[in-house]
Amino acid sequence: MESPSPNQFAEAVERRLSLQHSQGPSPAELAAEHAKRQKFRRLIDPGILRPNPELQAVESLKILYKLTENLIREPENPKFQRFKTTNAQIQKHIIIPKGTVEFLRELGFHPEVDDFQPFFVFNPKRMSDLKIGSAMLKESLDLQEQKSARAMESKQTVQEARAEVIERVHLAFMDDRRAKMELDEREKQLRAARAQAAARQEAQQMERSRSRHSTGDDEDVMEEPEHSLSSAADQPPPYND
């Protein structure tokens, strides 16, 4: 059996590598990538999210994500390959918060001093780590955004429920007030009606009283002539001689 020539051997190796590439990452590579993803997730939470205030932690994740996206988009751009640690935003969101420098190192950045100026410089050989870390940052930021949206929705629901309760209490108060006003008005009308009835009754009594007095005086006047006639009749006739 003839041994393969160097050209044939090279072609066979190239075909095998091409076949492996077309089949995607090997199981070992997938396992290594999964382990790297899990490590980045732990560096984010609990590494950054738990020990820092929520707003500060989220802002730090956004700055880290921006650094990674700039490098992925323009890997040869020198201004994205390093940055000063004395920068105000870097100090506030990367240097001071807990866990952010550890994450930055895992992305592939390392500290250097150039002309007495401290920098963080990216190692181009760590581009695969940078891409995985960037994906995990995006994943975490998306989860935080969803969490904020749910919290906002829940807060809005609570506010709407509170507003509904307040509206119901207000309507109940207005109903009670209207009912009280109607009751007061009915009682007022009833008192007025009673007063009118009492006044009419008193007027009728006075009218009857005046009528009785008037009738008694007429009877006295009518009886006087009868008394006079009766007296005259009882007297003896005058005597004539």
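Side chains included, hydrogens not; waters and symmetry mates left out as well; all remaining heavy atoms used.
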More than 12 heavy atoms from other groups under 6.0 Å of CD on Glu153:
no
Indicate the atoms forming the closest heavy-atom contact of Asp129 with Glu106, along with that distance.
CB-O, 3.9 Å
N-O pairing of Lys180 and Asp184 below 4.0 Å:
yes
Considering all heavy atoms, the nearest Asn52-Ala57 contact
CB-CB, 4.1 Å
Is the shortest heavy-atom distance from the side chain of Lys147 to the side chain of Glu54 under 4.5 Å?
yes
In terms of hydrophobic clustering (I, L, V, M, F, W, Y; side-chain heavy atoms under 4.5 Å; direct or indirect links), are Val101 and Phe119 co-clustered?
no
Do the non-hydrogen side-chain atoms of Glu145 and Leu141 ever get within less than 4.5 Å of each other?
no
Of the non-hydrogen atoms in Asp45 and Leu49, which two are nearest, and what is the gap between them?
CB-CD1, 3.8 Å
Within-4.5 Å side-chain heavy-atom neighbours: Arg194 and Leu190
yes
Which atom names give the shortest non-hydrogen contact between Met136 and Ile44, and what distance separates them?
O-CD1, 3.6 Å
Evaluate Glu207 against Arg210 for salt bridge (Lys or Arg N to Asp or Glu O under 4.0 Å), listing each step before the verdict.
CA-CA 5 Å; Glu207 184 66 25; Arg210 282 196 299 269; 2.6 Å; yes
Main-chain N/O of Lys79 paired with Asn77 side-chain donor or acceptor, under 3.5 Å:
yes
Heavy-atom closest pair (Gly133 atom, Leu107 atom, distance to 0.1 Å) is CA-CD2, 3.7 Å
Test side-chain contact (heavy atoms from CB on, under 4.5 Å) applied to Gln204 and Met206, Glu202, Arg208, the passing residue
Arg208
Heavy-atom count around Arg177 CZ within 6.0 Å, excluding the residue itself: above 12?
no
Separation of Arg178 CZ from Glu182 CD (nearest 0.5 Å)
7.0 Å
Please give me the minimum heavy-atom distance between Phe109 and Gln81, naming the atom from each residue.
CE2-O, 4.1 Å
For the side chain of Ser60 and the backbone of Ile94, is there at least one donor-acceptor N/O pair under 3.5 Å apart?
no
Are Glu33 and Lys36 close enough for a salt bridge, meaning some N to O gap below 4.0 Å?
no
Between the side chain of Gln91 and the main-chain N/O of Thr85, is any donor-acceptor distance below 3.5 Å?
yes
Using a 4.5 Å cut-off on heavy atoms from C-beta on, say whether the side chain of Pro124 contacts that of Glu76.
no
Between the side chain of Ser140 and the main-chain N/O of Leu137, is any donor-acceptor distance below 3.5 Å?
no
When you measure from the side chain of Gln56 to the backbone of Pro53, do you find a donor-acceptor pair of N or O atoms at a distance under 3.5 Å?
no
Are Ile72 and Ile63 co-members of a hydrophobic cluster defined by side-chain heavy atoms under 4.5 Å apart?
yes
Going by an N to O cut-off under 4.0 Å, is there a salt bridge joining Glu139 and Arg41?
yes
Ile95 and side-chain contact (heavy atoms from CB on, under 4.5 Å): which partner among Ile90, Leu104, Thr100?
Ile90
